[in-house]
Engineer: 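I have a structure here, written as structure tokens, and I will follow up with some questions on it.
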Amino acid sequence: MTKFWYVVDNIESYICRTLLAIFVCLLFLQVVVRTLFDFSFSWVEELSIYMFVWFVFFGASYAAKMGAHNRVTFQFKFLPDRTIKYIEAFADLFWIFFNVYFVYLAIDFIFNKMNRFQSSQTMGFHLSWVYIVLPIAFTLMTIRVIQVNYKKIVLGEDLRDPDAIDLEEVRAETGDAVAKPRLDEEQK
């Protein structure tokens, strides 16, 4: 059962990897076929665009899970870490309210306001299959924002931005000789 929960906890990552691999292969196939045979599949570009859109929205949800969305945090520099957690959680409430409202609007659009005959140009399926990513991804993003705040506030975990560079770790991995000149340059 733990394997199941591991997959569920990383579902956005698996979806993004799969979508990226498929649409890159499709675009590569399209380039090869155009170059070698002077022919093209009309549906490849359209499907690749739809897959890229899904990739972006699931990627945003994955970034929310990692706590990697952009934030303005300079004003928190002189505050204690405990206070920062609560201020960020309060700011995340607005994000959650926006997501919930957006999910409502997306579902209303897809099921009530969208033209019944609006279909994909070359593939022929109804575009609601493309737009359904909006409520799914924003619901997942809301769950991930709540999950991150739970880990920060209740469990007390220190969730770092995956893009943040820790100078001490770089020194430990590469040796003091490499990191020291970088530090001297930063101090100038």
Side-chain angles (χ1 to χ4, degrees), residues 2-73 92 95-96 98-148 159-166 169-170 173-174 178 182:
T2 57
K3 178 79 169 164
F4 171 77
W5 288 113
Y6 180 80
V7 170
V8 168
D9 193 42
N10 294 296
I11 192 74
E12 297 99 333
S13 176
Y14 293 127
I15 291 172
C16 285
R17 291 175 193 185
T18 304
L19 288 171
L20 182 64
I22 293 172
F23 81 73
V24 165
C25 288
L26 284 173
L27 290 174
F28 178 75
L29 171 72
Q30 182 78 334
V31 168
V32 169
V33 169
R34 276 187 181 175
T35 304
L36 296 179
F37 304 110
D38 200 25
F39 174 77
S40 71
F41 298 106
S42 58
W43 55 272
V44 168
E45 290 179 35
E46 187 175 17
L47 182 60
S48 297
I49 290 169
Y50 296 150
M51 293 176 83
F52 183 73
V53 168
W54 276 57
F55 172 78
V56 166
F57 283 108
F58 280 109
S61 178
Y62 185 66
K65 175 188 182 270
M66 301 296 293
H69 274 277
N70 291 334
R71 293 177 182 264
V72 178
T73 58
D92 284 348
W95 189 5
I96 291 168
F98 171 80
N99 286 354
V100 169
Y101 184 62
F102 190 84
V103 167
Y104 165 75
L105 291 176
I107 289 172
D108 183 47
F109 172 73
I110 293 167
F111 294 110
N112 297 327
K113 296 181 179 162
M114 193 171 179
N115 185 344
R116 289 185 195 171
F117 304 107
Q118 192 172 4
S119 63
S120 168
Q121 291 266 332
T122 58
M123 300 180 70
F125 60 80
H126 196 268
L127 283 180
S128 62
W129 289 103
V130 175
Y131 292 129
I132 199 69
V133 72
L134 295 172
I136 294 170
F138 276 82
T139 300
L140 277 171
M141 197 180 314
T142 303
I143 292 168
R144 296 309 186 182
V145 170
I146 293 168
Q147 184 181 30
V148 164
L159 298 175
R160 295 176 148 195
D161 182 1
D163 293 332
I165 297 174
D166 187 10
E169 287 180 19
V170 172
E173 290 175 4
T174 60
V178 175
R182 253 180 90 189

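We count residues from 1, following the sequence as given. Bear in mind the structure is a predicted one, so any value in this text is a computation, not a measurement.
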Engineer: Going by the angle between their ring planes, with limits at 30° and 60°, are Phe138 and Phe98 parallel, tilted or perpendicular?
Structural biologist: perpendicular
Engineer: Filter on side-chain hydrogen bond (donor to acceptor under 3.5 Å, both in side chains), then keep only pairs touching residues 105-115, sequence neighbours left out; what's left?
Structural biologist: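 Residue pairs passing side-chain hydrogen bond (donor to acceptor under 3.5 Å, both in side chains), neighbours aside: Asp108-Asn112, Asp108-Lys113.
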Engineer: So which heavy atom on Leu47 is nearest to which on Leu26, and how close?
Structural biologist: CD2-CD1, 3.7 Å
Engineer: Suppose the criterion is salt bridge (Lys or Arg N to Asp or Glu O under 4.0 Å): which pairs have a residue in residues 121-135, not counting sequence neighbours?
Structural biologist: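 Qualifying pairs, neighbours excluded: none.
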Engineer: Decide if atom CZ of Phe117 counts as having more than 12 heavy atoms of other residues, nucleotides or ligands within a radius under 6.0 Å.
Structural biologist: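 Count not over threshold, so no.
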Engineer: CD1/Ile132 to CG/Leu127 distance, rounded to the nearest 0.5 angstrom?
Structural biologist: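 That separation rounds to 12.5 Å.
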Engineer: Shortest non-hydrogen contact from Gly124 to Ser119?
Structural biologist: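 Looks like O-CB, 3.8 Å.
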Engineer: Tell me, please, which residues at least two apart from Trp95 pass ring-ring contact (aromatic ring centres under 6.0 Å, His included).
Structural biologist: His69
Engineer: Please identify each residue that fulfils side-chain contact (heavy atoms from CB on, under 4.5 Å) with Val148, with sequence neighbours left out.
Structural biologist: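 Scan of Val148 (side-chain contact (heavy atoms from CB on, under 4.5 Å), adjacent residues dropped) gives Lys152, Leu159.
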Engineer: Kindly indicate, with the supporting measurements, whether the criterion side chain to side chain contact (heavy atoms under 4.5 Å, CB included) is fulfilled by Phe58 and Ile11.
Structural biologist: CA-CA 9 Å; Phe58 280 109; Ile11 192 74; over 6 Å; no
Engineer: Per the salt bridge (Lys or Arg N to Asp or Glu O under 4.0 Å) rule, what does the pair list look like for residues 128-145, sequence neighbours excluded?
Structural biologist: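 Pairs touching residues 128-145 that pass the test: Asp9-Arg144, Glu12-Arg144.
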Engineer: I'd like to check the side chain to side chain donor-acceptor pair (under 3.5 Å) partners of Ser120; sequence neighbours left out, ordered by chain and number.
Structural biologist: Glu46
Engineer: Got a sec, which residues hit side chain to side chain donor-acceptor pair (under 3.5 Å) with Thr142, two or more places apart in sequence or on another chain?
Structural biologist: Asn99
Engineer: Who are the side-chain contact (heavy atoms from CB on, under 4.5 Å) partners of Ser128, not counting sequence neighbours?
Structural biologist: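 Only Ile110, Met114, His126 meet the side-chain contact (heavy atoms from CB on, under 4.5 Å) criterion with Ser128.
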Engineer: Run the side-chain contact (heavy atoms from CB on, under 4.5 Å) test against Tyr14 and tell me which residues pass, sequence neighbours left out.
Structural biologist: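 Result, side-chain contact (heavy atoms from CB on, under 4.5 Å) vs Tyr14: Tyr6, Val7, Asn10, Arg17.
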Engineer: Please give me the minimum heavy-atom distance between Ala106 and Pro135, naming the atom from each residue.
Structural biologist: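 The answer is CB-CD, 3.8 Å.
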Engineer: About how many Å separate OH of Tyr131 and CD of Gln118, when rounded to the nearest 0.5 Å?
Structural biologist: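 Taking CD in Gln118 and OH in Tyr131, the distance rounds to 5.5 Å.
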Engineer: As a quick check of understanding, evaluate side chain to side chain contact (heavy atoms under 4.5 Å, CB included) for Val133 and Phe55, giving each step before the final call.
Structural biologist: CA-CA 10 Å; Val133 72; Phe55 172 78; over 6 Å; no
Engineer: With side chain to side chain contact (heavy atoms under 4.5 Å, CB included) as the test, pick out the partner of Val103 among Val100, Ile107, Leu105.
Structural biologist: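 Of the listed residues Val100, Ile107, Leu105, the side chain to side chain contact (heavy atoms under 4.5 Å, CB included) partner of Val103 is Ile107.
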Engineer: List the residues meeting ring-ring contact (aromatic ring centres under 6.0 Å, His included) with Tyr62, not counting sequence neighbours, and say none if there are none.
Structural biologist: none
Engineer: More than 12 non-hydrogen atoms from neighbouring residues, nucleotides or ligands closer than 6.0 Å to OH on Tyr101, yes or no?
Structural biologist: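 No.
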Engineer: To the closest 0.5 Å, what do you measure between CG (Leu19) and OH (Tyr50)?
Structural biologist: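 It is 15.0 Å, given to the nearest 0.5 Å.
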Engineer: Sequence neighbours excluded, which residues qualify as ring-ring contact (aromatic ring centres under 6.0 Å, His included) partners of Phe52?
Structural biologist: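 With sequence neighbours excluded, Phe52 shows a ring-ring contact (aromatic ring centres under 6.0 Å, His included) to Phe23, given in chain and number order.
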Engineer: Which donor-acceptor pairs under 3.5 Å do side chains of residues 33-41 form with protein atoms, sequence neighbours excluded?
Structural biologist:
{"residue": "Arg34", "atom": "NH2", "partner": "Glu45", "partner atom": "OE2", "Å": "2.3"}
{"residue": "Thr35", "atom": "OG1", "partner": "Val31", "partner atom": "O", "Å": "2.7"}

